[in-house]
There are 2 protein chains.
Amino acid sequence: MAIGKPAQQAPAGEPTGRRQPLNRQRVLSAALAYADRHGLAGLTMRRLGTELGVEGMSLYKHVADKDALLDGIVELLWAEVPAGPAPDAGWRQALRNFADGLYRVFGRHPIVAPLIATRNFVNIEVLRRYQAYLELLRQTGFDRRRGLDAIGAVVGQGVGYGLLALRYTDPAPQTAEPESNLQRIRRITRTLPADVPDPLVELAVDLTSECDTDRCFAISIDALLAGLAPGPA
Amino acid sequence: MAIGKPAQQAPAGEPTGRRQPLNRQRVLSAALAYADRHGLAGLTMRRLGTELGVEGMSLYKHVADKDALLDGIVELLWAEVPAGPAPDAGWRQALRNFADGLYRVFGRHPIVAPLIATRNFVNIEVLRRYQAYLELLRQTGFDRRRGLDAIGAVVGQGVGYGLLALRYTDPAPQTAEPESNLQRIRRITRTLPADVPDPLVELAVDLTSECDTDRCFAISIDALLAGLAPGPA
DNA sequence: CCGGCCAGCTTACGCGGTAAGCCGGCCGGG
DNA sequence: CCCGGCCGGCTTACCGCGTAAGCTGGCCGG
């Protein structure tokens, strides 16, 4: 074998010996950060390894497999959502906050957040939040089932609009200077068949600029909350 | 080279010669069907090729690359949504129908439909539908921008609840006989840390059985539509 | 002082996407 | 009637991925 790194002794900074050992948390946050920057397709066990100064295979000591890694990322994303209602908030305000926090996660992690919608949904962070808000709802007179439905509705909106906002904006290039109008049109058109009638192209352009997803979200969460009410099923 | 299929002449059914040549449509629907049955991870260019009686590489004559294939599948999914308002329907009814059609796609293609939320959003089928419904809204007094917002809101709900319904149900096993209650608990718990408190486990179980996503969806789409109104921004 | 343990390393396998080029049959022009 | 080009499909080859299996060297409790 090659000698590997001869200096297992920490290069300069660690007290006792060897570098700070990995653990699930460090692996997951590194994965989230890496995917945020390099895209989901760019996230690879080997590359994540190098990022952490470690061989790819070593990660398997801390996550079962790549699926588990992705599920762990989802956990981290949920951890950014308010963990429970503010102490003085009414239930509507609390749920609005909850949904809003969820919605915002998509803005902060445009590339990674869709995992929330596509991977295993149930994880501790989710359960903790559901329980906290459910508790509040029960105190307000919701029965368990109605409460779960209400929370579900609110989560559905957060996720739905969060995704929609991304999709409307998404294929943005992220280069230094903003793209010209013509460039944008060409980019949008490229995935479409050649014979798309002009009005549809215009529509496509408007979709990425005219729509105010934030406002749509606010409006419809308010409408929803107005339509909900305590009581048994 | 190997002789390949010696009988290029159609085996029994085709008139002129060789098998019916592939085309984008056939490739896409085969891909959708295959992924429906074998999962997204199971969908492979080579395997899809064999499914179509063709070598994997041949598919690249009809789709640019795998990404384009997936985007094409999304197109097919959208094609299942009502293309425009029924002639006699009011705008609320039309939008409800639209959202509902979208929502149902997730039920019909539980494995594949999440692609709608994660891949390129803009494609012709989408544009066609947006235009059709936008047209109706404008006739009702919405200005273009408000109309787009309304459609967006409705789509957001369809997608959001569609996904949520899947996630609540999802990790179902699809074996012949239904799993025992204990099996289900174990399955749900497996992805969670070992020390989850019991109430959270109970919550997890309830999430997959107690929640009535259909009803949540109906309620909140109604609430939303009630809250929308024509007029300029 | 030493035995076990465990984080991380190495090797190796099968499979995925796809670039590049090849071939053989059909079809339209001479 | 012949022939040249075209085009659908085939072949080969490359590189990177996820991961099974086993190894190793240093730390730590006895």
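Residue numbers start from 1 in every chain, and the chains themselves are labelled A, B, ... in the order their sequence lines are given, proteins ahead of strands.
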- Query: D:dC17, C:dG8, D:dG9: which one has an atom nearest the side-chain heavy atoms of A:Ser58?
  - Reply: C:dG8
- Message: Mind checking if A:Met45 touches a base, just sugar-phosphate, or nothing, with heavy atoms under 4.0 Å?
- Response: sugar-phosphate
- Task: Scan side-chain atoms only and decide if A:Ser220 and A:Tyr161 contain a donor-acceptor pair under the 3.5 Å cut-off.
- Result: yes
- Pair A:Arg129 + A:Glu125, salt bridge at N-O below 4.0 Å: yes
- Note on the structure: As a check of understanding: the bend across the helix from C:dC1-D:dG30 to C:dG30-D:dC1, end axes from five pairs, rounded to 10 degrees, works out to 0°
- What's the shortest heavy-atom distance between B:Leu164 and A:Val155, and which atoms? CD1-CG1, 3.9 Å
- Taken to the nearest whole Å, CG/B:Leu40 to P/C:dG17 is 12 Å
- The ring pair (Phe, Tyr, Trp, His ring centres under 6.0 Å) partners of B:Tyr34 (sequence neighbours excluded) come to B:His38
- For the base of C:dG16, is there a side-chain donor-acceptor partner from B:Arg46 under 3.5 Å away? yes
- Item | Nearest-nucleotide comparison on DNA chain D, the residue closer to the 5′ end among A:Arg47 and A:Met57 | A:Arg47
- All heavy atoms of B:Thr208 vs all of B:Val205, minimum pair found to be OG1-O, 2.9 Å
- Message: Show the nearest heavy-atom pair for residues B:Gly39 and B:Ile111, with the distance to one decimal.
- Response: CA-CG2, 3.7 Å
- Atom-pair distance (CZ on A:Arg24; C1' on C:dA7), nearest Å: 18 Å
- From CG of A:Leu48 across to P of C:dG8 the rounded distance in Å is 13 Å
- Query: What parts of residues 64-75 of chain B reach DNA chain C, counting only heavy atoms under 4.0 Å away?
  - Reply: B:Asp65, B:Lys66
- Message: Contact between A:His109 and A:Leu115 at the side-chain level, heavy atoms closer than 4.5 Å - yes or no?
- Response: no
- Message: Distance check needed: C:dC23 C1' versus B:Lys61 NZ, whole Å only.
- Response: 11 Å
- Once the angle between the rings of B:Phe217 and B:Tyr103 is folded into 0 to 90°, is it parallel (under 30°), tilted (30 to 60°) or perpendicular (over 60°)? parallel
- Query: Quick one: A:Leu52 CG to C:dC9 C1', roughly how many Å, whole number?
  - Reply: 15 Å
- Query: Hey, are A:Arg108 and A:Asp36 close enough for a salt bridge, meaning a charged N less than 4.0 Å from a carboxylate O?
  - Reply: no
- Item | Euclidean distance, atom CD of residue B:Glu55 to atom P of C:dG17 [Å, nearest integer] | 14 Å
- Message: In this structure, how many angstroms lie between the P atom of C:dA19 and the OH atom of B:Tyr60, rounded?
- Response: 7 Å
